[in-house]
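Letters A, B, ... are given to chains in the order of the sequence lines, protein chains preceding strands, and every chain is numbered from 1. Fair warning: this is a prediction, and the values are worked out from it, not measured in the lab.
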2 protein chains.
Amino acid sequence: MPSSGSGEKAVLDLLADVAAYSISQADERYLAFPDTGDSVAAVLATIVGTFLNQNLIAFDRSAPAGSVIEEQVIRWLRDLVGFPPAGPPTLGTLGGMWSSGGNMSNHIAVLVALSTKWPEIRRSGLFGLERRPVLILASGVEHFSYLGAAQALGLGAESLVWAQAGSDFRTDAAALAATLEALPDDVEPFMVVGIAGNCRTTAIDDLSAIADIAKRSGLWFHVDACHGGSLLFSDKLSPALAGIERADSVSLDPHKGLFTPYSCSYALFKNPADLARMARYPDRLADADMLDLGLVTPFYGSRGFESLRLWALIHHLGREGIGALVEARQTTFQELQAVVSSHRSLRMIASSDFYRCAFVFLPVSVRAAAAQALTVEGGAARVAAIVSEYTARCCDLLYRSGQLVFDIFTLRDLNNALGCGSDVRLQVMGMAVGHPGVSDSLSSHIQRMLDAAEEALAAEMNQRLLESSVGNAGAQVALGPAGW
Amino acid sequence: MPSSGSGEKAVLDLLADVAAYSISQADERYLAFPDTGDSVAAVLATIVGTFLNQNLIAFDRSAPAGSVIEEQVIRWLRDLVGFPPAGPPTLGTLGGMWSSGGNMSNHIAVLVALSTKWPEIRRSGLFGLERRPVLILASGVEHFSYLGAAQALGLGAESLVWAQAGSDFRTDAAALAATLEALPDDVEPFMVVGIAGNCRTTAIDDLSAIADIAKRSGLWFHVDACHGGSLLFSDKLSPALAGIERADSVSLDPHKGLFTPYSCSYALFKNPADLARMARYPDRLADADMLDLGLVTPFYGSRGFESLRLWALIHHLGREGIGALVEARQTTFQELQAVVSSHRSLRMIASSDFYRCAFVFLPVSVRAAAAQALTVEGGAARVAAIVSEYTARCCDLLYRSGQLVFDIFTLRDLNNALGCGSDVRLQVMGMAVGHPGVSDSLSSHIQRMLDAAEEALAAEMNQRLLESSVGNAGAQVALGPAGW
């Protein structure tokens with residue numbers, strides 16, 4: 001740590017340096033994450049909020065306006081999801097809370113679901129339970145937050161029971177029901193997860209079908225709408241999430257695909273009493289003059305005025321204005337998806353009509369060699385490894401050019417689009433479009449960049465595939481950077 | 001939710017309204033919390049960080065500069081605490097992480113301590129443990145985060161074992177040792193908490209004595225330095241925290257008393273391998289080119305560039321500059337404490353030389369009546385209730401004047417300063433001084449405000465005390481707002 005300060009001028013220079021080595025997610029050539037964070041109103045509100053520096057732990061002496069605004073944002077989001085209107089603003093009827101991100105919102109949902117079924121956990125812990133609580137979710141399309149929650153909340157990874165996902169990268173309701181039927185006697189299910197836009201392909205589950213299963217089995221139904229939640233702002237697009245109103249809990253992530261700077265996520269609970277069970281002073285829950293949010297927000301005490309940004313965005317554009325942006329973004333995504341899916345260097349592995357798709361680098365000029373390699377024993381694994389390696393290299397080459405950014409991650413090829421089997425995990429590029437509109441030249445820019453990548457990599461890749469037909473020249477599939 | 005947007009001008013007006021109904025913690029008449037958040041460099045960095053909108057989940061494609069800066073902040077803070085230098089910057093050697101607040105940092109410390117002793121929890125949960133894990137801490141000076149952590153992490157409140165605090169509002173090391181000795185056979189201790197500045201009176205534990213006990217018993221030693229951590233910047237003041245370098249984990253809270261806007265907290269781990277055990281992909285921990293922080297930060301995935309503000313503050317002022325501010329703040333606190341402790345309307349219940357003290361409203365003119373009431377059977381409870389009630393009314397009267405803000409909370413009168421017994425819980429006013437300097441007129445302003453409160457309340461309070469000598473006229477003690 002520096003002993004002496006370097007003064008104001010030096011700090012300005014340092015911050016300029018930091019900016020120079022930062023990523024602009026708001027740039028239209030950034031297509032890795034949908035987190036543009038560039039709503040004028042939300043950015044302005046974040047700046048105002050910095051100066052206000054309210055502490056959302058309490059109303060009096062901390063955040064009088066801030067507490068009311070957060071309560072209002074939660075009320076609006078409940079309305080958006082289709083949850084019943086909360087009662088008068090008391091701690092007992094809030095039915096939702098801010099959190100730092102979707103990972104955390106999902107942790108909170110698991111915690112509240114657990115504590116609703118077994119309220120004694122708060123007093124005596126998990127030790128007295130007769131059977132292991134388990135939550136059921138689809139494998140291959142899951143977000144890491146459920147494993148994280150199981151590990152952190154004392155359940156352990158063994159409390160996750162995996163159902164087979166469909167080849168459409170959605171939770172397969174029939175497989176989910178079969179998994180529930182087949183549970184061993186020594187576990188007790190408490191929660192089923194439905195995914196409104198998975199984090200890799202943004203495929204949206206049939207939430208109504210999952211709700212049916214959950215309700216029939218008396219299980220908590222959690223909907224992870226961290227990606228898909230933005231569709232709820234559009235009358236045209238929201239039907240894709242039909243059934244979300246039957247959830248017991250919903251996680252939303254406005255900093256992901258809703259133009260809102262970090263950190264802005266919410267966990268909502270249909271029955272406000274479920275969240276209220278977390279209260280530090282249950283006797284204050286019904287107080288008409290009590291809105292100290294810190295009393296009912298697990299994991300959070302003193303914290304900032306993060307809800308101001310979403311509140312300002314909603315005031316600025318209204319539900320209809322935001323919905324129009326979300327619809328425009330979807331159109332933009334579909335246009336750009338057509339560009340990548342038709343480019344001769346790529347093969348689509350999974351797509352959605354929403355804002356994310358996944359593809360590999362597989363130029364037309366190497367496909368004969370790849371097909372040949374697949375005919376050799378062990379060829380599928382080798383082809384998958386080589387395709388993964390060159391996909392990663394292509395993505396890296398684009399990224400380091402500073403001119404085009406796709407995401408890179410691992411994906412099970414559930415639909416066997418590559419032909420190496422549906423169990424194989426591939427490194428894939430992901431394109432996520434956060435921008436409602438882009439310039440006319442972006443499509444041709446993407447094409448030129450992909451042309452150049454093909455030029456740089458295809459011949460070598462072809463050679464590797466040819467060699468792999470006669471011996472094991474494949475690399476191991478490495479994991480993607482943050483493993484989403 | 002509004003259907004239509006109200007446009008930019010309306011948003012500006014709304015934000016102005018929000019500001020008008022917000023609290024200014026940076027105002028020198030605000031003496032409830034030390035969270036001034038008014039470092040010029042930290043505020044500037046927060047604004048710059050809003051525009052950069054980096055996602056600290058990963059290095060490439062998300063936060064290249066941001067990841068390095070957070071790693072550097074963690075390295076600096078480790079150095080400040082006296083932890084060994086971390087190795088080369090890899091995920092496995094980080095030894096610390098950002099969190100949203102002290103509550104969360106303490107949760108993370110408990111989680112890591114648990115998982116260090118019983119690594120199998122991450123796989124199989126708490127179910128296989130033979131005995132209930134318990135953590136030991138002093139009662140009456142505790143922060144609510146430990147109860148919250150026990151409830152959230154599956155341990156339950158029964159996993160907290162309370163030791164008697166000393167009359168000096170510090171953890172009593174002898175009592176702590178005796179508590180450990182007396183533990184029943186069916187529990188297994190794993191963690192001892194030392195408090196470097198409790199949240200009510202900022203009394204600082206004898207950390208060396210607690211470290212001795214923890215080390216002798218082979219227990220994890222956690223130091224909660226959310227309040228006291230700022231003293232580490234001053235060579236003159238840091239000896240008060242001697243022994244902190246022997247901790248296994250330390251929580252620091254720069255948004256609390258270090259001039260940094262929300263949210264800015266850190267959990268540090270002496271042995272980086274303990275935090276690294278949380279890794280999602282353990283095989284990436286040693287990679288020299290891998291700094292995807294989201295792989296080793298339990299509870300956090302996508303999140304903002306919160307570390308930039310503390311980094312900028314440290315660059316701006318350096319350790320010495322910050323230390324000088326902390327020393328100046330301490331002097332300011334002592335001056336203002338002299339004002340309240342000598343005012344004839346107040347009685348000090350607990351003080352520190354640091355930045356917080358606690359007192360009740362007990363004007364000289366009511367003390368005879370209070371003494372008389374204490375002689376009657378049941379008088380202690382009645383006097384405590386009446387003093388609590390008028391203390392709350394005094395605090396409220398000051399607050400609603402908009403001219404002076406003290407905190408209000410409940411406190412066990414461990415030193416029996418009021419004479420109602422050391423078990424009694426009182427409503428007390430708290431004064432916290434976050435400002436390094438204040439204007440010359442503040443002391444007389446405080447005196448005038450207290451004079452006016454006495455004028456408004458003393459006669460009525462005296463009457464209530466006189467009545468309580470002849471019957472039960474006492475009110476119940478209500479809990480303070482957020483129950484810290």
Residue selection (most heavy-atom pairs with chain B, distance under 4.5 Å) from [options]:
{"options": "Ala26(A), Ser100(A), Ala312(A), Ser145(A)", "value": "Ser100(A)"}
{"options": "Gly37(A), Cys264(A), Ala65(A)", "value": "Ala65(A)"}
{"options": "Met104(A), Gln72(A), Lys256(A)", "value": "Met104(A)"}
{"options": "Arg309(A), Arg303(A), Glu120(A)", "value": "Arg303(A)"}
{"options": "Gly102(A), Ala63(A), Ser124(A)", "value": "Ser124(A)"}
{"options": "Gly321(A), Ala32(A), Ser263(A)", "value": "Ser263(A)"}

I need the [X] [atom1] to [Y] [atom2] distance, nearest 0.5 Å.
{"X": "Arg123(A)", "Y": "Glu158(B)", "atom1": "CZ", "atom2": "CD", "value": "5.5 Å"}
{"X": "His315(B)", "Y": "Met1(A)", "atom1": "NE2", "atom2": "CE", "value": "10.5 Å"}
{"X": "Arg122(A)", "Y": "Leu155(B)", "atom1": "CZ", "atom2": "CG", "value": "13.0 Å"}

Contact origin within [X] toward chain A - heavy atom pairs under 4.5 Å:
{"X": "Leu313(B)", "result": "neither"}
{"X": "Ile314(B)", "result": "both"}
{"X": "Tyr300(B)", "result": "both"}
{"X": "His255(B)", "result": "side chain"}
{"X": "Asp396(B)", "result": "both"}
{"X": "Phe233(B)", "result": "side chain"}
{"X": "Arg400(B)", "result": "side chain"}
{"X": "Lys9(B)", "result": "neither"}
{"X": "Thr36(B)", "result": "backbone"}
{"X": "Asn106(B)", "result": "neither"}
{"X": "Cys226(B)", "result": "neither"}
{"X": "Ile69(B)", "result": "side chain"}
{"X": "Glu306(B)", "result": "side chain"}
{"X": "Leu293(B)", "result": "neither"}

Could you report the tightest heavy-atom contact between [X] and [Y], atom names first, then the distance?
{"X": "Ala152(B)", "Y": "Leu153(A)", "answer": "O-CD2, 3.3 Å"}
{"X": "Val11(B)", "Y": "Ala41(A)", "answer": "CG1-CB, 4.3 Å"}
{"X": "Ser159(A)", "Y": "Phe127(B)", "answer": "OG-CE1, 4.2 Å"}
{"X": "Arg61(A)", "Y": "Asp407(B)", "answer": "CD-CA, 4.0 Å"}
{"X": "Ser302(A)", "Y": "Asp35(B)", "answer": "OG-OD2, 4.5 Å"}
{"X": "Phe299(B)", "Y": "Asn103(A)", "answer": "C-ND2, 3.1 Å"}

Are any of the side-chain heavy atoms of [X] and [Y] separated by less than 4.5 Å?
{"X": "Tyr21(B)", "Y": "Val68(A)", "result": "no"}
{"X": "Pro298(B)", "Y": "Gln151(A)", "result": "no"}
{"X": "Val18(B)", "Y": "Val48(A)", "result": "no"}

Item checked: CA sep, side-chain torsions, deciding dist, call: Gln54(B), Ser22(A), side-chain contact (heavy atoms from CB on, under 4.5 Å) -> CA-CA 7 Å; Gln54(B) 301 296 282; Ser22(A) 292; 3.4 Å; yes

Next item on the list: Verify the neighbour count for atom OH of Tyr399(A): are there more than 12 heavy atoms of other residues, nucleotides or ligands below 6.0 Å?
Entry: yes

Just by distance, do the side chain of [X] and the backbone of [Y] share a donor-acceptor pair under 3.5 Å?
{"X": "Asn53(B)", "Y": "Ser24(A)", "answer": "no"}
{"X": "Thr50(B)", "Y": "Val43(A)", "answer": "no"}
{"X": "Ser3(B)", "Y": "Glu320(A)", "answer": "no"}

Using non-hydrogen atoms only, which part of [X] is less than 4.5 Å away from chain B: side chain, backbone, both, or neither?
{"X": "Ala10(A)", "result": "neither"}
{"X": "Ser99(A)", "result": "neither"}
{"X": "His107(A)", "result": "side chain"}
{"X": "Leu56(A)", "result": "neither"}

Check: When only pairs under 4.5 Å are counted, which of Gly125(B), Ala45(B), Gly301(B) shares the most heavy-atom pairs with chain A?
Finding: Gly125(B)

Next item on the list: Specify which of Val405(B), Ile121(B), Asp79(B), Leu14(B) makes the most heavy-atom pairs with chain A at under 4.5 Å.
Entry: Leu14(B)

Next item on the list: Mind running side-chain contact (heavy atoms from CB on, under 4.5 Å) on Ile23(A) and Asn55(B) for me, showing each step along the way?
Entry: CA-CA 9 Å; Ile23(A) 296 283; Asn55(B) 184 349; over 6 Å; no

